[in-house]
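Written below as structure tokens is the structure these notes are about.
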There are 2 protein chains.
Amino acid sequence: MASELPPHDPRKNQRAEPRPGTAAWWLAQENEPARRRRRRSLTLDAVLDTAMALLDTRGVAALTMRNIAEGLGCTQASLYRHVRNREELVTLLVDRALSVASSVPPGDTDWAEKAAWSARLFREHLLRHPGVASLLRGTERLGPNSLAGVQYSLELFIGAGFSPRLAYAAASSLATFIIGSVNFNLGLDSSDPEESRHRRLLYRSRDAAALPLIVQHADALAEVSSDDEFEVGLKALLTGFRALIQNPDITHD
Amino acid sequence: MASELPPHDPRKNQRAEPRPGTAAWWLAQENEPARRRRRRSLTLDAVLDTAMALLDTRGVAALTMRNIAEGLGCTQASLYRHVRNREELVTLLVDRALSVASSVPPGDTDWAEKAAWSARLFREHLLRHPGVASLLRGTERLGPNSLAGVQYSLELFIGAGFSPRLAYAAASSLATFIIGSVNFNLGLDSSDPEESRHRRLLYRSRDAAALPLIVQHADALAEVSSDDEFEVGLKALLTGFRALIQNPDITHD
DNA sequence: ACCTGAACACCGTTCAAGT
DNA sequence: ACCTGAACACCGTTCAAGT
């Protein structure tokens, strides 16, 4: 294996290494499986396993090459035989953590209900693995697990009457909203009554001349949880998608 | 000033420093303005100015205490007189960069058109400052500039017929979507034809048995830009909001 | 009261040297 | 062919010492 080198092999004429997560990078991955398929000791899977465990137990700050190596009982330098750099490791790790993206809801329901079910499942998965959510950037959407999720969404939305392009845009929007809402609430534990109290105090003490509505409705606003926010946005998106199907022209206004 | 110390002064009984960006942290900020109001040389504003310039010109990786200090012509240690740590600096920086969030659209238009106008403006601002977008986490939503944006959104949505709670949830959802869509497309330059070509190649070369729709519609999917995605999601959200106003009951299903 | 120099304990990454 | 030890050039943060 790796006997003849095709012109686009990344080890040859590598004027610019593609950034991990790019389409070019994902394409290049499959041309060099030999680098990862080692029969001895350390495997890429083992590296990603300990990395994932580290991320879940000790958080994103502890996800260092040194800690991963320690968890595996090897040197940091050894990791670089399986991964080009840390960014690449993160890209692979995040895609691997996205395998739930394509699980299928039970029962025989409306496309919108299926989408809502999957969206909630995905969000709950990210909430259980906040480290993954904070590492999620756009470029991971091209990995195998992300693509499985895209395939599933396309089935749903094309089945509902969307064109392929609109279906893809809708699926992306939904994914963006889910990931964004988890990230956007990472530091804010909505279930923590202390946090809610502080928010109420903050809203109340603002300048009523500049921020009248915030001061006026301080108590109500402080009670809105990230769950509430998510449900409202999800409902709005799906309702909007339904309207877009019935009248696709409203995309152009 | 700072003569009598109220029981919640963070310098006293500081068993746990609040994390920057938390409601508790924003509240505490106003109790110690003396630390920041120095009449000599270095000011917090100057620190944030050079930090912002650094972020815009050289990106998030170059936003180090050393580089900021160098830009100011002082030692790294001096920065810690104006900022407790780097996280705090980032929180202040991001809120400052969010001042556009509250600019008002021209003309006398529909609430939905106003919201769309502001959303596009906000997105374009973030696209011009990708460093800011990548630093945006949820906890910055409580800063003065963010709150000005919330105030403006509340005006819009309450004026349209939402309850304060629903208005807040809707505004948050919209902000989440905007920020998420910028972040989610940070590495992927949709205007780059190279990237689009690679995506097409990637989609085409997937396993047609596992990902039939992706392979089948590869060319169409590769052409969907992040602009398209954003517009579809924005339209869906606003359409959904309109439906929610007309029939608030559909929030509970 | 303010700022500095120098150190501390960390990073990611590289590479000659071992086996 | 594989892994290691040791180094390199960076981080954020602290603190005694200067002025």
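Sequence lines set the chain letters: A, B, ... in the order given, protein chains first and strands last, and positions in each chain run from 1. All values derive from a computational prediction rather than experimental measurement. Note: hydrogens, waters and symmetry copies are ignored here, and every other heavy atom, side chains too, is used.
By the 4.0 Å N-to-carboxylate-O rule, B:R141 lies close enough to A:E229 to be salt-bridged with it. Taking 4.0 Å as the cut-off between side-chain N and carboxylate O, B:D227 and B:R120 do not count as a salt-bridged pair.
Within a 6.0 Å sphere centred on CD of A:E194, heavy atoms belonging to other residues, nucleotides or ligands number more than 12.
When both distances must be under 3.5 Å, the Watson-Crick or G-U wobble mate of D:dT19 is C:dA1. D:dT13 and C:dA7 make up a base pair, with Watson-Crick or G-U wobble contacts both under 3.5 Å.
Between A:T50 and A:I68, the closest heavy-atom pair is OG1-CG2, 3.8 Å.
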Going 5' to 3' along nucleotides 12-19 of chain D, which nucleotides have protein heavy atoms under 4.0 Å from the base (write B), which only from the sugar-phosphate (write S), and which from neither (write -)?
-> BBBB----
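Of the side-chain N and O atoms in B:S78, none sit less than 4.0 angstrom from OP1 or OP2 of C:dC2.
Straight-line distance from the CD atom of B:E70 to the C1' atom of D:dC11: 15 Å, rounded to whole Å.
With A:L93 as the fixed residue, the side-chain contact (heavy atoms from CB on, under 4.5 Å) test singles out one of A:L63, A:V132, A:D49: A:L63.
In this structure, B:Y203 and A:Y168 have perpendicular ring planes: the angle between them is above 60°, well past the 30° mark.
Picking from C:dC2, D:dC3, D:dT4 the nucleotide with the shortest atom distance to the side chain of A:R81 gives D:dC3.
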